[in-house]
There are 2 protein chains.
Amino acid sequence: MAADPKWLSPDELAAWLSLAGLMFKLPGALDSQLQRDSGLTHFEYLVLAGLSESEGRSRRMSDLAGWANGSLSRLSHVVKRLESRGFVERRPAEDDGRITVATLTDAGFAFLETAAPGHVAAVREYVIDALTPEQLAQLRVVADQILARVDPDKSC
Amino acid sequence: MAADPKWLSPDELAAWLSLAGLMFKLPGALDSQLQRDSGLTHFEYLVLAGLSESEGRSRRMSDLAGWANGSLSRLSHVVKRLESRGFVERRPAEDDGRITVATLTDAGFAFLETAAPGHVAAVREYVIDALTPEQLAQLRVVADQILARVDPDKSC
DNA sequence: CCGCGTTGCTTGACGCTTCAAGTGATGGCC
DNA sequence: GGCCATCACTTGAAGCGTCAAGCAACGCGG
């Protein structure tokens with residue numbers, strides 16, 4: 001499109017800076033809320049939420065890691081912490097000993113139910129309520145297009 | 001607007017999940033590129049870039065922290081690292097001893113010039129080229145609106 | 001069946017960010 | 001002029017994420 005691929009036009013730069021600001025601040029804001037109200041990381045929340053929506057409240061590690069947009073290593077650490085808090089259990093799959101299946105415990109589910117409303121309210125306040133439904137739809141399209149570039153495999 | 005403030009509609013949820021995925025993956029992708037090609041954090045890059053665009057390649061700490069969307073503490077640590085690498089210098093302001101002014105050295109400027117093309121190319125590839133100019137404009141508006149909610153003070 | 005490469009996950013070390021406490025410099029108040 | 005609250009920044013400790021190895025379990029070729 002535009003001239004020199006080496007630099008950004010003023011419009012491009014401004015848009016990028018806005019997005020960069022968003023990427024810096026929004027995660028922090030959401031993490032703060034979850035941390036203060038529930039002692040959970042955003043990623044930990046996603047893991048619990050992912051399990052709660054799965055069949056048998058269980059899911060294999062790789063699958064869960066992909067769903068939550070995190071590395072397997074990260075998930076392993078996080079699940080270990082959640083396990084020590086009694087929110088999750090791990091055990092090898094019956095048909096393949098290499099696979100580990102994580103399961104949400106009753107305590108974990110109960111805990112998630114106490115954490116969810118506050119988190120949802122924060123998402124609503126920061127994101128949903130800031131935009132018109134039309135903008136929200138635009139945002140989704142835009143985010144998906146960028147995601148497809150960043151992580152081609154995960155385009156589903 | 002819609003019904004129960006306690007939960008999200010399917011459309012809202014989908015949009016949110018797309019945005020969440022973006023927030024998780026894009027920073028990591030950009031950090032990776034900068035780290036591998038230049039040994040810089042995205043935040044470190046922003047700090048150097050912010051200084052390079054300032055008058056006299058200098059800026060006071062608080063100002064720089066706000067510009068780069070980071071905490072003062074974070075900036076202090078980062079500037080210390082950059083200083084030990086010889087890219088930045090610090091000294092107290094003449095008229096107010098509390099204020100610290102950071103200055104980009106020639107070495108820092110030269111280093112930034114080697115790092116910039118790769119980073120800009122990554123931003124272009126992941127974000128700019130993924131969108132139409134119209135979408136880019138929408139993204140800017142949307143990001144600014146959300147930012148205004150997350151960080152009311154910073155709305156300039 | 002027996003290696004041997006592959007898959008799936010775990011672990012440890014290191015680095016960066018955050019949080020809370022600490023250090024000076026400044027300006028207002030008496 | 002001296003005291004105290006405040007401002008601007010720095011520091012240290014604790015926690016989380018990433019990277020690079022490591023460790024079993026599986027399954028294919030012979």
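Sequence lines set the chain letters: A, B, ... in the order given, protein chains first and strands last, and positions in each chain run from 1.
- Heavy-atom distances to DNA chain C give each of Asp63(A) and Gly28(A) a nearest nucleotide, and the one nearer the 5′ end belongs to Asp63(A).
- The nearest whole Å value for the distance from the CG atom in Asn69(B) to the P atom in dT18(C) is 11 Å.
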For residues 135-145 of chain B, dump all side-chain donor-acceptor pairs below 3.5 Å to protein atoms at least two apart in sequence or in another chain.
unit_1	atom_1	unit_2	atom_2	d
Gln135(B)	OE1	Gln145(A)	NE2	3.2
Gln135(B)	OE1	Thr132(B)	N	3.0
Gln135(B)	NE2	Gln145(A)	OE1	2.9
Asp144(B)	OD1	Ser18(A)	OG	2.8
Gln145(B)	OE1	Gln135(A)	NE2	2.9
Gln145(B)	NE2	Ala130(A)	O	2.7
Gln145(B)	NE2	Gln135(A)	OE1	3.2

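- Near DNA chain D, meaning a heavy atom under 4.0 Å away, the residues from residues 86-100 of chain B are Arg90(B), Arg98(B), Ile99(B), Thr100(B).
- Contact annotation: Lys80(B) side-chain N/O to dT10(D) OP1/OP2 distance is not under 4.0 Å.
- Leu82(A) places its CG atom 10 Å from the P atom of dC16(D), with the value rounded to the nearest Å.
- Pairs engaging residues 74-109 of chain A under the ring pair (Phe, Tyr, Trp, His ring centres under 6.0 Å) rule: Phe87(A)-Phe111(A) [sequence neighbours left out].
- Spacing between atom CG of Leu72(B) and atom P of dC7(D) amounts to 13 Å, rounded to whole angstrom units.
- The nearest whole Å value for the distance from the CZ atom in Phe24(A) to the C1' atom in dT18(C) is 15 Å.
- No donor-acceptor pair closer than 3.5 Å links the side chain of Ser58(A) to the backbone N or O of Ser54(A).
- A straight line from CZ of Arg85(A) to C1' of dG15(D) spans 12 Å, rounded to a whole angstrom.
- Looking at residues two or more places apart in sequence or on another chain, you find a side-chain contact (heavy atoms from CB on, under 4.5 Å) between Thr41(B) and Asp31(B), Gln35(B), Phe43(B), Glu44(B).
- Judged by distance alone, the side chain of Ser76(B) and the main-chain N or O of Ser73(B) form no donor-acceptor pair under 3.5 Å.
- At whole-Å resolution of the value, CD in Glu44(B) and P in dG15(C) are 13 Å apart.
- Taking atom CZ of Arg59(B) as the reference point, atom P of dA8(D) lies 16 Å away to the nearest angstrom.
- Residues passing the side-chain hydrogen bond (donor to acceptor under 3.5 Å, both in side chains) test with Arg57(B), sequence neighbours excluded: Asp106(B).
- Partners of Asp96(B) under the salt bridge (charged side-chain N to carboxylate O under 4.0 Å, His left out) rule, at least two apart in sequence or in another chain, are Arg98(B).
- When the side-chain contact (heavy atoms from CB on, under 4.5 Å) test is applied to Arg60(B), the partners found at least two apart in sequence or on another chain are Ser62(B), Asp63(B), Ile99(B).
- Atoms CG (Leu75(A)) and C1' (dC16(D)) sit 14 Å apart, rounded to a whole Å.
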For nucleotides 17-21 of chain D, list the nitrogen or oxygen atoms of the protein found under 3.5 Å from its nitrogen or oxygen atoms, one pair per line.
unit_1	atom_1	unit_2	atom_2	d
dG17(D)	OP1	Arg74(A)	NE	3.1
dG17(D)	OP1	Arg74(A)	NH2	2.7
dG17(D)	OP2	Arg81(A)	NH2	2.8
dT18(D)	O4	His77(A)	NE2	3.1
dC19(D)	N4	Ser73(A)	OG	2.8

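- Pairs engaging residues 130-152 of chain B under the ring pair (Phe, Tyr, Trp, His ring centres under 6.0 Å) rule: none recorded [sequence neighbours left out].
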